[in-house]
Amino acid sequence: MNKQLSILSAALLAISVSAAAQAAAFTAGDLVIYRVGTGTGSLTSAATAVYLDEYTTAGTLVQSVAMPTSVSGSNHMLTASGTATSEGELTLSTDGKYLVLTGYDAATGTAGIASTTSASVKRTVGVVNVATGVADTSTVLNTFSTNNIRTAVSTNGTDLWVAGANTGVVYTTVGNGGTMTTVSSTITNNRQLEIFGGQLYSSTGSGTAAHIEKVGTGLPTTNQAMTGLTGIPGSGSQYSFFMADLNNNVAGMDTLYVADDTSGTAGGIIKYSLVGGTWVANGQISTGSDAYRGLTGEVVNGQVELFATGLGGSGASGGGKLVTITDTSGWDATINGTATTLVSLGTTNNEAFRGVVYLPNTVAPVPEADSIALMALGMGLVGFLARRRKV
């Protein structure tokens with residue numbers, strides 16, 4: 001019996017270790033990029049496979065995690081348009097434990113995916129466990145009909161705020177059967193949602209007074225108005241943005257970086273500082289025709305290291321580029337540094353980068369439930385046999 005107990009214990013331990021080894025955990029301090037395309041076949045407006053590519057901050061590819069392209073249990077498909085550059089704005093939950101992304105519950109190859117009705121093709125929200133790489137795509141919504149779903153944010157991997165090209169901002173929870181609440185319809189055409197300092201924000205390219213907006217107060221779950229940030233222009237083509245607290249004498253977030261995909265010298269990475277309640281422009285780093293839409297960052301010793309993704313379309317404007325910019329200037333000073341290319345997909349690889357997220361070193365692991373259950377089962381069986389041996 002002792003030999004049987006040892007064999008069973010070893011086998012169960014091997015199974016548990018194997019389950020953990022197969023899980024594609026992401027590494028704190030790395031970057032994750034939303035990518036569309038398999039590398040074969042031209043990118044079109046049809047539904048295309050989505051991957052989360054993990055890179056080191058030096059630009060070395062670590063792994064690619066595929067989103068589901070078929071239904072499995074409660075998980076739905078999560079695909080994206082191969083050419084809709086406004087899609088794929090990846091975010092990280094504020095507790096640092098989950099990556100949040102959006103797409104369509106449609107098989108790859110579904111024509112004109114962004115123009116489908118949400119009654120025929122539901123819009124999918126994916127929540128990916130950082131510690132395991134396991135995706136939950138059980139959340140599908142009947143909204144953003146005949147246009148793009150673009151972005152979603154969460155505080156804890158359960159609550160979700162979602163936005164796209166119409167409808168406004170909606171609130172829901174993971175796997176809730178499609179139930180949702182519109183929390184703001186002041187602006188219906190939104191691009192990126194983010195949470196900074198406990199406040200929900202949105203970017204937009206619509207004709208509003210300011211293209212970066214506060215969505216209600218705090219984290220709204222009922223219908224509230226959007227209000228533009230004072231000093232942010234109502235022109236340009238803003239997508240992702242990153243906020244930082246660089247001045248201890250200014251309450252809350254006081255520095256803002258925005259990715260603007262306007263071609264030429266008008267676009268690029270634009271910096272603002274909060275001075276006396278107004279956001280004041282502090283220059284920009286132009287990115288020419290690279291059209292940067294994804295942006296993330298980290299603050300190290302008062303310096304801001306930014307990571308941005310550009311291109312992301314098809315044909316000559318397609319492919320993808322990941323760059324880094326270190327701004328050492330601080331609060332209310334002109335942005336400095338230059339864009340250094342870390343990764344370039346080229347324009348003929350039939351792949352495209354969209355959003356990007358930095359995984360801070362404070363990321364806390366969340367064990368996968370199946371692995372925990374398996375280990376608990378194993379421990380229970382080992383204990384049972386041990387008790388039998390004593391009888």
Side-chain angles (χ1 to χ4, degrees), residues 17-40 43 47-82 87-93 95-108 124-140 149 151-154 157 160 174-175 294 296 307 309 312 319-320 322 342-343 345 349-360 363-371:
V17 171
S18 175
Q22 290 174 7
F26 293 92
T27 302
D30 280 355
L31 302 164
V32 183
I33 299 175
Y34 184 122
R35 171 173 59 88
V36 295
T38 62
T40 60
L43 294 177
T48 306
V50 171
Y51 300 85
L52 294 184
D53 291 345
E54 180 182 0
Y55 285 90
T56 67
T57 53
T60 300
L61 179 64
V62 177
Q63 65 168 329
S64 294
V65 178
M67 294 299 101
T69 54
S70 61
V71 176
S72 177
S74 62
N75 272 349
H76 293 260
M77 295 172 279
L78 195 157
T79 56
S81 168
E87 294 179 8
E89 293 290 1
L90 186 66
T91 64
L92 181 70
S93 62
D95 65 5
K97 297 177 181 179
Y98 300 93
L99 294 159
V100 187
L101 67 160
T102 59
Y104 302 89
D105 185 21
T108 55
T124 306
V125 181
V127 175
V128 181
N129 189 319
V130 169
T132 65
V134 174
D136 181 331
T137 56
S138 61
T139 307
V140 289
I149 184 172
T151 178
V153 292
S154 178
L160 295 168
V174 170
T296 188
F307 300 93
T309 48
L322 170 68
L342 299 175
V343 180
L345 292 180
N349 290 348
N350 303 310
E351 302 168 290
F353 282 162
R354 301 284 167 78
V356 59
V357 157
Y358 172 74
L359 300 176
V363 168
V366 182
E368 175 60 24
D370 290 343
S371 298

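Keep in mind that what you see is a predicted model, and the values were worked out from it rather than measured.
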side-chain contact (heavy atoms from CB on, under 4.5 Å) between Thr60 and Val62, intermediate numbers included: CA-CA 6 Å; Thr60 300; Val62 177; 5.6 Å; no
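- Looking at every heavy atom in both residues, Thr108 comes nearest to Ala49 through CG2-N, 3.8 Å.
- Closest approach of Val130 to Gly96, counting heavy atoms only: CG2-O, 4.0 Å.
- Residues Thr79 and Ala47 share a closest heavy-atom pair of OG1-CB, 3.5 Å.
- A search for side-chain contact (heavy atoms from CB on, under 4.5 Å) contacts involving Val343 returns Tyr55, Leu322, Phe353, not counting sequence neighbours.
- Asp30 meets the salt bridge (charged side-chain N to carboxylate O under 4.0 Å, His left out) test with no other residue; sequence neighbours excluded.
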Checking Tyr34 against Val357 for the side-chain contact (heavy atoms from CB on, under 4.5 Å) test, could you report, in this order, the C-alpha distance in whole Å, the side-chain angles of both residues, the deciding distance, and whether it holds? CA-CA 9 Å; Tyr34 184 122; Val357 157; over 6 Å; no
One pair to check against side-chain contact (heavy atoms from CB on, under 4.5 Å): Val127 and Leu160. What are the steps and the verdict? CA-CA 9 Å; Val127 175; Leu160 295 168; 4.1 Å; yes
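- Pairs of residues two or more places apart, or lying in two chains, that qualify as salt bridge (Lys or Arg N to Asp or Glu O under 4.0 Å) and include a residue from residues 49-73 are Arg35-Asp53.
- Proximity of Val356 to Leu90: side-chain heavy atoms (C-beta onward) are nowhere separated by under 4.5 Å.
- Take Ser138 and apply the side-chain contact (heavy atoms from CB on, under 4.5 Å) test, not counting sequence neighbours, and it matches Ser74, Asn75, Asp136, Val174.
- The line from CG of Leu52 to CG of Leu31 is 12.5 Å long, rounded to the nearest 0.5 Å.
- Shown here are the side-chain contact (heavy atoms from CB on, under 4.5 Å) partners of Ala107, two or more places apart in sequence or in another chain: Met77, Thr110.
- The line from CG of Asn350 to CG of Leu345 is 10.5 Å long, rounded to the nearest 0.5 Å.
- Side-chain atoms of Leu359 and Leu99, non-hydrogen and from C-beta on, do get closer than 4.5 Å to each other.
- When all heavy atoms are compared, the tightest approach of Ala152 to Val125 is CB-CG1, 4.0 Å.
- The side chain to side chain donor-acceptor pair (under 3.5 Å) check on Ser154 picks up Asp159, with sequence neighbours excluded.
- With Glu89 contributing its side chain and Thr102 its backbone, the two residues share no donor-acceptor pair below 3.5 Å.
- For Glu87, the side chain to side chain donor-acceptor pair (under 3.5 Å) test picks out Tyr104, Asn148, with sequence neighbours left out.
- Judged by distance alone, with hydrogens and angles left aside, the side-chain atoms of Thr124 form a donor-acceptor pair with the main-chain N or O of Asp105 at under 3.5 Å.
- Residues Val100 and Val153 have side chains not in contact (no heavy-atom distance under 4.5 Å, counting atoms from C-beta outward).
- The shortest heavy-atom contact between Thr139 and Gly175 is OG1-N, 2.7 Å.
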Please evaluate residues Leu101 and Arg354 with respect to the criterion side-chain contact (heavy atoms from CB on, under 4.5 Å), reporting the C-alpha separation (whole Å), side-chain torsions for both, the decisive distance (0.1 Å), and the verdict. CA-CA 11 Å; Leu101 67 160; Arg354 301 284 167 78; over 6 Å; no
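- Residues passing the side chain to side chain donor-acceptor pair (under 3.5 Å) test with Thr151 are Gln192, sequence neighbours excluded.
- The structure places OG1 of Thr69 at 14.5 Å from NE2 of His76, a figure rounded to the nearest 0.5 Å.
- Residues meeting the side chain to side chain donor-acceptor pair (under 3.5 Å) test with Tyr358, sequence neighbours left out: Glu298.
- Pairing each heavy atom of Ala131 with each of Ala25, the nearest pair is O-CB, 3.0 Å.
- Within the 4.5 Å cutoff, no side-chain heavy atoms of Val32 are placed close to those of Leu92.
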